[in-house]
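Everything on this sheet refers to the single structure shown next.
Each chain gets a letter, A, B and so on, in the order the sequences are listed, and its residues count up from 1. Values reported hereafter were calculated over all heavy atoms of this structure, with side chains retained and with hydrogens, waters and symmetry mates removed.
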Amino acid sequence: MAKVVTRFAPSPTGHLHIGGARTAIFSWLLARHHGGEFVLRIEDTDRERSEQQYTDAILASMEWLGLSWDAEPVYQSQRDDLYNKYIDQLLAEGKAYYCDCSAEEVEAMREEARANGKKPKYNGKCRELGLEKAEGRVVRFKAPLTGRTVWKDLVKGSIAFDNEELDDMIIRRSDGSPTYNLAVVVDDHSQEISHVLRGDDHVNNTPKQIMLYTALGWEVPEFGHVPMILGSDRKKLSKRHGAKSVMEYEKMGLLPQALVNYLVRLGWSHGDQEIFTLDELIELFSTDNLSSSAAGFDPDKLLWLNAQYMKDSSDADLAALVAPFAKEAGFEISLEELTAMVPLFKDRAKDLIGLVDAMRFMLLADSEYEFEEKAVKKALTEEGKQHLANMREQFAALEAFTKDTTHEVMANYVSDNGLKFKAVGPPLRVALVGAMGGPNLPDVMEIIGKERTLARIDRALEQ
RNA sequence: GUCCCCAUCGUCUAGCCUGGCCCAGGACACCUGCCUUUCACGCAGGCGACGGGGGUUCAAAUCCCCCUGGGGACGCCA
């Protein structure tokens with residue numbers, strides 16, 4: 001196979017959404033799998049809606065996801081000369097023509113076609129008029145009137161359109177700027193793109209583009225149209241489904257690898273495997289096992305995957321990951337301390353914000369962590385407090401204050417007094433945690449240390 | 001309206017091309033139990049699908065046709 005070059009071509013009119021991210025990932029994987037190149041193109045020809053801040057945000061999201069690109073991004077807004085060169089070429093070769101039909105006229109043609117039970121389209125009025133270049137005239141592509149345009153789609157298989165369905169599209173606007181389909185073809189060709197992977201919504205543009213390639217005498221690239229992502233209810237993805245930008249998932253505390261893994265798995269599979277490293281993905285990826293039907297987005301499964309990645313992270317890595325979230329929540333804590341705490345909590349949260357939440361009682365000062373009323377009532381009874389006071393003395397006497405020694409104190413206290421663990425566990429838990437849930441007590445004590453353990457017991461005794 | 005695409009558990013999917021190994025496998029979610037001082041995690045089990053109808057065949061989730069349903073596109077947006 002010739003060199004594989006894929007691309008991702010976002011238009012900077014908003015943040016990078018998960019749908020776009022997914023096609024970007026597929027394109028990236030295809031290139032990496034073949035040892036080819038992955039390039040970026042910013043489709044900013046819509047000057048009204050394009051903004052630099054969105055380009056910056058999209059690139060930042062790409063980086064966060066780990067999708068490296070191989071050359072400086074190309075900006076369509078800076079290539080008018082190139083587009084014009086080819087539009088002029090088509091004009092010179094009689095494959096395009098000037099048209100002076102007004103918007104109202106064209107709209108009337110569409111209405112008429114629709115009334116006749118046809119697909120609404122421009123009727124070719126100026127096609128053979130031989131109009132000269134003039135202010136306010138657009139350039140239209142002289143599309144074939146008969147025949148069929150067919151291609152073998154990488155994900156959907158053979159797709160065919162009757163050329164009769166298509167009209168003479170505008171390739172240069174009256175203000176002189178090129179339109180999307182023209183610009184895309186010129187760019188994909190000039191950037192030597194071999195495989196175009198893009199959203200399903202472009203299927204209808206493909207025959208038009210193929211015609212342009214043919215008219216320009218260029219080789220047609222491979223096309224693959226990835227189905228879109230729907231909400232879990234199979235309806236169009238919207239805000240309330242969690243149709244968010246990549247950036248929002250970053251803010252929620254998702255790991256980029258988990259998001260990538262989830263998105264890839266949504267519409268692509270390799271047998272029963274659910275979790276893939278990036279290297280595995282690169283090695284296994286093929287458009288052959290891309291699904292041709294739309295996929296529903298399931299936030300629960302995404303979270304589950306994220307939890308798996310958190311569990312598999314090293315303590316140091318996870319600590320570095322949560323650090324900004326802890327800070328955001330107002331906690332000043334060193335990376336060392338976080339690294340020590342994280343193993344107790346890593347499998348108790350599904351995202352980094354949840355992780356900070358789980359650690360909250362420990363992060364809070366001894367004078368500030370809160371007691372849950374219900375738990376206090378249940379565990380800090382007179383009897384419970386008595387046991388607490390007794391154990392406090394033994395903890396205080398400990399020289400080495402570790403999870404082993406504290407556990408030993410508890411175990412001995414239980415057996416010496418003929419008690420059940422249930423008699424001392426809950427009160428101590430409420431004393432240290434403020435609630436009934438949480439990690440193993442000796443582990444907690446070892447981390448917060450003797451002073452803080454005693455301080456917390458003292459506070460509990462006052463409840 | 002016209003054209004294009006799609007159709008397996010609630011959701012993501014395996015199987016479909018190369019019919020029999022599938023009274024359909026895995027994962028998430030859900031339910032039950034186990035583990036545990038608690039909450040999670042984990043483990044074990046359970047619930048749960050080939051959209052409908054016709055063909056072809058000894059045999060169809062798999063091949064063919066029709067229907068239905070869903071999505072997309074029909075711009076001087078991308």
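- Using bins of under 30°, 30° to 60° and over 60° for the plane-to-plane angle, the ring pair A/Phe395/A/Phe401 lands in the perpendicular bin.
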Protein-nucleotides 18-24 of chain B N/O pairs closer than 3.5 Å?
none

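- With a cut-off of 3.5 Å on both Watson-Crick or G-U wobble distances, the partner of B/rG69 is given as B/rC6.
- Among the heavy atoms of the strands, none lies under 4.0 Å from A/Gly199.
- Separation of the P atoms belonging to B/rC22 and B/rC16 is 13 Å when rounded to the nearest angstrom.
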I'd like a table of atom pairs between the protein and nucleotides 28-31 of chain B - only N or O on both sides, under 3.5 Å - with the distance next to each one.
residue	atom	partner	partner atom	Å
B/rC28	OP1	A/Trp304	NE1	3.4
B/rC28	O2'	A/Lys301	N	3.2

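- Listed by first and then second residue, the salt bridge (Lys or Arg N to Asp or Glu O under 4.0 Å) pairs that reach into residues 175-191 of chain A are A/Arg7-A/Asp188, A/Arg41-A/Asp187, A/Arg41-A/Asp188, A/Arg79-A/Asp187, sequence neighbours excluded.
- Note on A/Thr179: every side-chain N or O is 4.0 Å or more away from OP1 and OP2 of B/rC76.
- Separating the P atom of B/rC17 from that of B/rA78 is a span of 43 Å, rounded to the nearest Å.
- For the salt bridge (charged side-chain N to carboxylate O under 4.0 Å, His left out) test with A/Lys118, the passing option among A/Glu111, A/Glu165, A/Glu164 is A/Glu164; the others fail.
- As rounded to the nearest Å, B/rC23 and B/rA59 have C1' atoms that lie 15 Å from one another.
- B/rC9 and B/rA14 have their P atoms separated by 13 Å, given to the nearest Å.
- Checking B/rG42 for Watson-Crick or G-U wobble geometry (two distances, each under 3.5 Å) identifies B/rC34 as its partner.
- If you check every strand for non-hydrogen atoms under 4.0 Å, A/Thr13 touches nothing.
- Taking atom P in both B/rG25 and B/rG20, the straight-line distance is 15 Å, to the nearest Å.
- Annotation: cation-pi geometry not satisfied between A/Arg172 and A/Tyr83 (NZ/CZ under 6.0 angstrom from ring centroid, within 45° of ring axis).
- Checked against side chain to side chain donor-acceptor pair (under 3.5 Å), A/Glu112 has no partners two or more places apart in sequence or in another chain.
- Mapping A/Pro178 and A/Lys422 onto RNA chain B via the closest heavy atom, the residue that lands nearer the 5' end is A/Lys422.
- Listed candidates were B/rU38, B/rG1, B/rA78. Nearest to the side chain of A/Arg429 is B/rU38.
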For a quick check, with a 4.0 angstrom heavy-atom cut-off, what is the B/S/- contact string for nucleotides 62-69 of chain B, read 5' to 3'?
--------
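- Regarding contacts with the backbone of B/rG1, every side-chain N or O of A/Arg110 stays at 4.0 angstrom or more from both OP1 and OP2.
- Taken residue by residue, residues 159-171 of chain A places heavy atoms nearer than 4.0 Å to RNA chain B at A/Ile159, A/Ala160, A/Phe161, A/Glu165, A/Ile170.
- A/Arg49 comes within 4.0 angstrom of a base, heavy atoms only.
- Distances from the side chain of A/Arg140 to the nucleotides B/rC76, B/rA78, B/rC41 place B/rC76 closest.
- Checking B/rA73, B/rU13, B/rU37 against the side-chain heavy atoms of A/Lys119 singles out B/rA73 as nearest.
- Ring orientation note: the planes of A/Trp268 and A/His270 are close to parallel, at an angle under 30° on the 30°/60° scale.
- Note on A/Thr45: a side-chain N or O is less than 4.0 Å away from OP1 or OP2 of B/rA78.
- B/rA61 and B/rU8 have their C1' atoms separated by 7 Å, given to the nearest Å.
- Note on A/Gly438: a base of the nucleic acid sits closer than 4.0 angstrom, heavy atoms only.
- B/rG1 is paired with B/rC74 under the Watson-Crick or G-U wobble criterion, all donor-acceptor distances under 3.5 Å.
- Across all strands shown, A/Ser174 has heavy atoms under 4.0 Å from base atoms, whether or not it also approaches the sugar-phosphate.
- Taking only side-chain nitrogens and oxygens, A/Lys311 comes nearer than 4.0 Å to OP1 or OP2 of B/rG42.
- Contacts of A/Asn440 with the nucleic acid, taken as non-hydrogen atoms under 4.0 Å apart, include base atoms.
- Looking at heavy-atom distances under 4.0 Å, A/Met410 makes no contact with the nucleic acid at all.
- Backbone-only engagement by A/Val203 is indicated by non-hydrogen atom pairs under 4.0 Å involving sugar-phosphate atoms exclusively.
- Contacts of A/Asn205 with the nucleic acid, taken as non-hydrogen atoms under 4.0 Å apart, include base atoms.
- Under the Watson-Crick or G-U wobble criterion, with both distances below 3.5 Å, B/rA24 has no partner in any strand shown.
- Counting non-hydrogen atoms under 4.0 angstrom, A/His202 reaches a base of the nucleic acid.
- In this structure, A/Glu274 reaches the bases: a heavy-atom distance under 4.0 Å links it to at least one base atom across the strands shown.
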